[in-house]
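One structure below.
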Amino acid sequence: MTDEALTIATALERARTLARAGQDDAAKQAYIEVLRRDPRSFNALNELATLAWAGGYRSAARTAYTQAIAHHPDNVVARVNLGNLLRDEQDVAGARAEYEAALALDPELHEAHQGIAWVLGELGLDGAEQHRLRGFTGRALVTQPYRGTGQGIPLVLLVSARGGNIPSRLWIDDRRFTIHAIYADYFDPAQPLPPHAVLMNAIGDADLCAHALECAEALVASTTAPVINRPDRVKITGRAENARRLGSIPDVIAPRIETWTRASLEPRQDLESGLGFPPDQGVEFPLLLRSPGFHTGRHFVYVERREALAGALAALKGEELLAIEYLDARGADGRARKYRVMFIDGVLYPLHLAVSSDWKVHYFSADMARHAAFREEERRFLRDMPGALGTRAMRALERVCATLGLEYAGIDFALAPDGTVLLFEANATMALVPPAPGEIWDYRRPAIETALDAARRLLDTRARPIQ
């Protein structure tokens, strides 16, 4: 080994030591020093990217993974890692390209089969289950690397191979916990769970993950450790069931939701009257149609009148669809508003307010960046939630929190003119996402960090010594 190679190897080991000690900033600088000496170092690029991703710096992670692939295009590790990051960002096409490239290099790579199964599920294409079988069978328990000092607190994290899991990367700290992730739908229930101080059920989507939640119930029955988000409580938070259940709470207005088959909605040919549509299903137009199991507005459409059904159906996936009564969330200015409040260990935390000219309101596509007045409205909500929402809405939100009975959940809603709550959804899949870089978002950071701290405390207070 040359002197330069020895220097690089020593610098790389120093970076790894700092990362294991949880000194992330120092570790990043150490990895950068390695790359200054050897810009092609795969280990430095890949490990720097992984460290950046763990800290929430996804753009930096994407850049480092991309550079690793540029220098080492035949390395399947970088391909899968970048695919997983793109999956986390809901970039289906980008993730698919990386998983397919990895499988072309190694057709037996189980991590790539896991990833491509998610892609096919998102696209509504055949073959997802076969890839899940190849990816998860015999590999349903994954113990993640512990990056702290001393011994980590052992935590079992139940997840679903189909997705629909609570994003927890930013508040389940791998420098404090040794995380045993178990894919409940592929784990052998005859096998014992790893020793653990607390069990976190991260399966959050009741519509997508019914089977995984049933499997999780069986696993939870075998533990004496504290359980966060018991599966039997999550199982009854599907959109339709929640609308019926939460709509009975005083001052909560929930939409009527019905499950329809695609066949019952498709236009049919009547020999006497020509092209027609099914008879009225009992829901008035306009209405919303949604494919169950999808989030962030995907496969979710507004149908103004019956004649528009055919076009709407063409944009949706699956044979079963949710027909949702349209609740008008527009304010006096004609713009729609969506509030998000988190329920963490029985306490309400304001997370965001999005204002949009579109009926489908999501923060990433809302009008917040272009309008200082909307940001000021959100700032007031984040600093004084009771003052912004009013007593009537706050009381209703507290009742929703109590009815859900989950230690970690959230609600998306609007306010009716009379101060009541217009329910969009309430479940455990709500993500705590830090604001984008930039001073204009600094007003959002304290509220989100407060919610993240509450989620971290939730784990700390539940974990107890193993008997």
Side-chain heavy-atom pair [X], [Y] within 4.5 angstrom cut-off:
X	Y	result
Phe413	Leu422	no
Met342	Leu348	no
Trp53	Asn81	no
Val421	Val400	no
Pro434	Leu170	yes
Arg444	Arg379	no
Pro194	Leu141	yes
Thr50	Glu47	no

Which pair of non-hydrogen atoms, one from [X] and one from [Y], has the smallest distance, and what is that distance?
X	Y	answer
Gly405	Arg233	O-NH1, 2.9 Å
Ala447	Pro350	CB-O, 3.8 Å
Ala19	Ala27	N-CB, 3.6 Å
Leu193	Ser222	CD1-OG, 3.7 Å
Asn229	Ala428	ND2-CB, 3.6 Å
Arg87	Gly163	NH2-CA, 4.4 Å

Output yes when a side-chain donor or acceptor of [X] lies under 3.5 Å from a complementary backbone atom of [Y], and no otherwise.
X	Y	value
Thr237	Val234	yes
Asp207	Gly238	no
Arg175	Gly22	yes
Asn165	Ser160	yes
Thr63	Ser59	yes
Arg245	Ile236	yes
Thr137	Arg134	no

I'd like to know whether [atom1] of [X] has more than 12 heavy-atom contacts from other residues, nucleotides or ligands below 6.0 angstrom.
X	atom1	value
Glu320	CD	no
Arg445	CZ	yes
Tyr326	OH	yes
Arg14	CZ	no

Looking at [Y] and [X], is any side-chain nitrogen of the basic one under 4.0 Å from a carboxylate oxygen of the acidic one?
X	Y	value
Glu217	Lys235	yes
Glu377	Arg335	no
Asp174	Arg169	no
Asp205	Arg162	no
Arg256	Glu258	yes
Arg456	Asp173	no
Arg176	Asp460	yes

Option from His113, Glu111, His110 for which side-chain hydrogen bond (donor to acceptor under 3.5 Å, both in side chains) with Arg139 holds
His110
Answer with yes or no whether the side chains of [Y] and [X] bring together a donor and an acceptor at under 3.5 Å.
X	Y	value
Tyr99	Asn84	yes
Tyr408	Ser168	no
Asn427	Asn242	no
Tyr443	Glu376	no

Consider side chain to side chain contact (heavy atoms under 4.5 Å, CB included). Of [options], which one does [X] pass it with?
X	options	result
Tyr65	Leu48, Val80, Val77, Leu82	Leu82
Leu397	Val252, Ile411, Ile249	Ile411
Tyr349	Val341, Ile344, Ile448	Ile344

Residue list, ring-ring contact (aromatic ring centres under 6.0 Å, His included) with His371, at least two apart or on another chain:
Phe374
How long is the gap from [atom1] on [X] to [atom2] on [Y], to the nearest 0.5 Å?
X	Y	atom1	atom2	result
Arg375	Glu378	CZ	CD	9.5 Å
Leu155	His180	CG	NE2	8.5 Å
Phe300	Leu322	CZ	CG	9.0 Å
Asp24	Tyr31	CG	OH	10.0 Å
Leu351	Arg340	CG	CZ	6.5 Å
Asn201	Ile228	CG	CD1	10.0 Å

side-chain contact (heavy atoms from CB on, under 4.5 Å) assessment of Val156 paired with Met200:
CA-CA 6 Å; Val156 164; Met200 169 74 195; over 6 Å; no
side-chain contact (heavy atoms from CB on, under 4.5 Å) between Trp171 and Leu459: does it pass, once the steps are laid out?
CA-CA 9 Å; Trp171 51 274; Leu459 293 172; 4.0 Å; yes
Pairs satisfying salt bridge (charged side-chain N to carboxylate O under 4.0 Å, His left out), at least one member in residues 381-395, at least two apart:
Asp251-Arg392, Arg392-Asp418
Can you list the steps and then say if Val301 with Leu316 is a side-chain contact (heavy atoms from CB on, under 4.5 Å)?
CA-CA 8 Å; Val301 296; Leu316 298 173; 4.1 Å; yes
Verdict with supporting geometry, Thr259 and Leu321, side-chain contact (heavy atoms from CB on, under 4.5 Å)
CA-CA 6 Å; Thr259 301; Leu321 302 171; over 6 Å; no
Between Tyr183 and Phe136 (judged by ring centroids, cut-off 6.0 Å), do the two rings come close enough to count as a pair?
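Centroid distance Tyr183-Phe136: below 6.0 Å, so yes.
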